[in-house]
Amino acid sequence: MILLTNNLPIKLVYRKIQNIEVNNNTFAYREMVKLAKEYQQRFGSFSLGDIPGIQHARSFFRAIGIDPTKRRPSSEALLRRAISRKELYQVNNIVDVGNWSSLEFLLPICVYDYSEIHGDVIVRIGSNHDSYLAHNNREMNFENKLVLCDKTGAFGSPLTDSIRTAVTTKTKEILVVIFAPLNYDSNLLDSYIETMEERIIASLI
């Protein structure tokens, strides 16, 4: 279960997905590259801020106290790489589904190894005690920033996630979380989490 605290002005949807196999299937990566080319054709002449849907993640960041002009949402960073014709990174089938979906939905998406999460998940504004070793191998502190915590402590954020709950070849079940601003269409969010589960299952073949 995921619990929101502090009356945070955001929405999220989540799903636990079991029987996962982390592999090098390139299905999701190829689809992400295809989508990037479509974006290049449709929006190559656009200013980034004028691309339909880009403002949703920016609104979400503002709602959690982050200036999106100083720290870009991951979805926007992916879109920027796509429009600029820069190479998109391939990681593994599960992470690639997350990146592909984030690029399409233009919302921050987090994927965690569920077996490394202990107890209920609390989403709240962090204190000076909330920190973890992040994917960039730096110790990150989340005071006054949105953070996901379990009974062991902080493990995730729309900014950067922890090594503790990272998806690896040992991962057999995952927790997927999609973040959005409070005014986002709930039915659309529900459809996104369904789509992600379908894509993850397709990537296992």
Side-chain angles (χ1 to χ4, degrees), residues 1-5 8 10-25 28-29 32 57 60-61 64 66 71 73-75 77-78 89-127 129-142 145-180 189-190 192-204:
M1 177 182 293
I2 293 185
L3 306 173
L4 284 169
T5 64
L8 292 170
I10 64 171
K11 283 183 180 176
L12 60 80
V13 290
Y14 64 93
R15 179 148 313 169
K16 176 185 174 183
I17 304 174
Q18 298 175 297
N19 302 316
I20 294 302
E21 178 186 348
V22 178
N23 57 46
N24 293 320
N25 186 323
Y29 179 72
M32 179 169 58
F60 166 74
F61 262 38
I64 61 174
I66 299 172
R71 182 66 183 263
S74 56
S75 52
L78 281 168
Y89 300 114
Q90 181 180 1
V91 182
N92 59 52
N93 59 321
I94 304 300
V95 174
D96 292 346
V97 167
N99 288 337
W100 168 29
S101 301
S102 184
L103 180 60
E104 180 176 343
F105 308 154
L106 294 179
L107 292 172
I109 295 175
C110 298
V111 183
Y112 303 107
D113 185 329
Y114 188 80
S115 67
E116 297 298 331
I117 298 173
H118 309 294
D120 289 341
V121 176
I122 307 295
V123 181
R124 57 174 171 78
I125 299 300
S127 71
H129 301 295
D130 292 314
S131 63
Y132 53 70
L133 185 64
H135 286 182
N136 56 11
N137 288 312
R138 293 174 55 193
E139 189 73 19
M140 304 289 291
N141 183 272
F142 291 90
K145 298 180 179 69
L146 189 77
V147 68
L148 288 79
C149 306
D150 62 7
K151 67 180 183 181
T152 302
F155 69 83
S157 164
L159 293 171
T160 183
D161 291 317
S162 70
I163 288 179
R164 168 163 72 98
T165 52
V167 173
T168 71
T169 54
K170 296 180 180 180
T171 301
K172 298 302 178 185
E173 53 185 354
I174 58 173
L175 177 68
V176 179
V177 186
I178 306 176
F179 294 95
L189 270 183
D190 289 339
Y192 287 166
I193 201 74
E194 294 289 342
T195 296
M196 278 204 68
E197 182 167 17
E198 292 169 2
R199 290 175 174 180
I200 287 166
I201 291 171
S203 79
L204 302 177

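These figures come from a predicted structure and were not determined experimentally.
Of all non-hydrogen atoms in V111 and G98, the two that sit nearest each other are CG2-CA, 4.5 Å. Contact detail for I10 and L146: the closest heavy-atom pair is CD1-CD2, 4.1 Å. Shown here for H135 and T160, the closest heavy-atom pair between the two residues is N-OG1, 4.1 Å. Closest heavy-atom contact between L8 and R124: CD1-CA, 4.0 Å. N136 and M140 get closest at one heavy-atom pair: ND2-SD, 4.1 Å. Annotation for L175 and Y14: closest pair CD1-CD1, 4.0 Å, computed over non-hydrogen atoms.
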Audit row: I94, T171, side chain to side chain contact (heavy atoms under 4.5 Å, CB included) steps and yes/no: CA-CA 10 Å; I94 304 300; T171 301; over 6 Å; no

After noting the C-alpha distance and the side-chain angles of V95 and Y89, does the key distance pass the side chain to side chain contact (heavy atoms under 4.5 Å, CB included) rule? CA-CA 10 Å; V95 174; Y89 300 114; over 6 Å; no

Let me see the working for I117 and L148 under side chain to side chain contact (heavy atoms under 4.5 Å, CB included), right down to the final yes or no. CA-CA 10 Å; I117 298 173; L148 288 79; over 6 Å; no

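Residues passing the side-chain hydrogen bond (donor to acceptor under 3.5 Å, both in side chains) test with S203 are N93, sequence neighbours excluded. In this view, L106 and Y39, L79 satisfy the side chain to side chain contact (heavy atoms under 4.5 Å, CB included) rule, not counting sequence neighbours. Not counting sequence neighbours, the partners of R15 by the salt bridge (Lys or Arg N to Asp or Glu O under 4.0 Å) test are E194, E197. Under the side-chain hydrogen bond (donor to acceptor under 3.5 Å, both in side chains) criterion, D150 pairs with R164, sequence neighbours left out. Under the ring pair (Phe, Tyr, Trp, His ring centres under 6.0 Å) criterion, Y29 pairs with no residue, sequence neighbours left out. The salt bridge (Lys or Arg N to Asp or Glu O under 4.0 Å) test applied to E173 returns K16, not counting sequence neighbours. Judged as a salt bridge (Lys or Arg N to Asp or Glu O under 4.0 Å), and not counting sequence neighbours, K172 has no contacts. F142 meets the ring pair (Phe, Tyr, Trp, His ring centres under 6.0 Å) test with Y132; sequence neighbours excluded. For D161, there are no salt bridge (Lys or Arg N to Asp or Glu O under 4.0 Å) partners two or more places apart in sequence or in a different chain. Every residue meeting the side-chain hydrogen bond (donor to acceptor under 3.5 Å, both in side chains) condition with S131, not counting sequence neighbours, appears here in chain and number order: E139. By the side-chain hydrogen bond (donor to acceptor under 3.5 Å, both in side chains) test, T168 pairs with no residue at all, sequence neighbours left out.
The aromatic rings of Y192 and F105 sit parallel, their planes meeting at an angle under 30°, below the 60° perpendicular limit.
Annotation: salt bridge (Lys or Arg N to Asp or Glu O under 4.0 Å) contacts involving residues 90-113, sequence neighbours excluded, comprise E104-R199.
Note that OG of S115 is 11.5 Å distant from CD1 of I20, once rounded to the nearest 0.5 Å.
More than 12 heavy atoms of other residues, nucleotides or ligands shown are found within 6.0 angstrom of CG on N23. Environment of CG in N19: sparse, with no more than 12 heavy atoms of neighbouring residues, nucleotides or ligands closer than 6.0 Å.
Between P158 and F60 the shortest side-chain heavy-atom distance falls below 4.5 Å.
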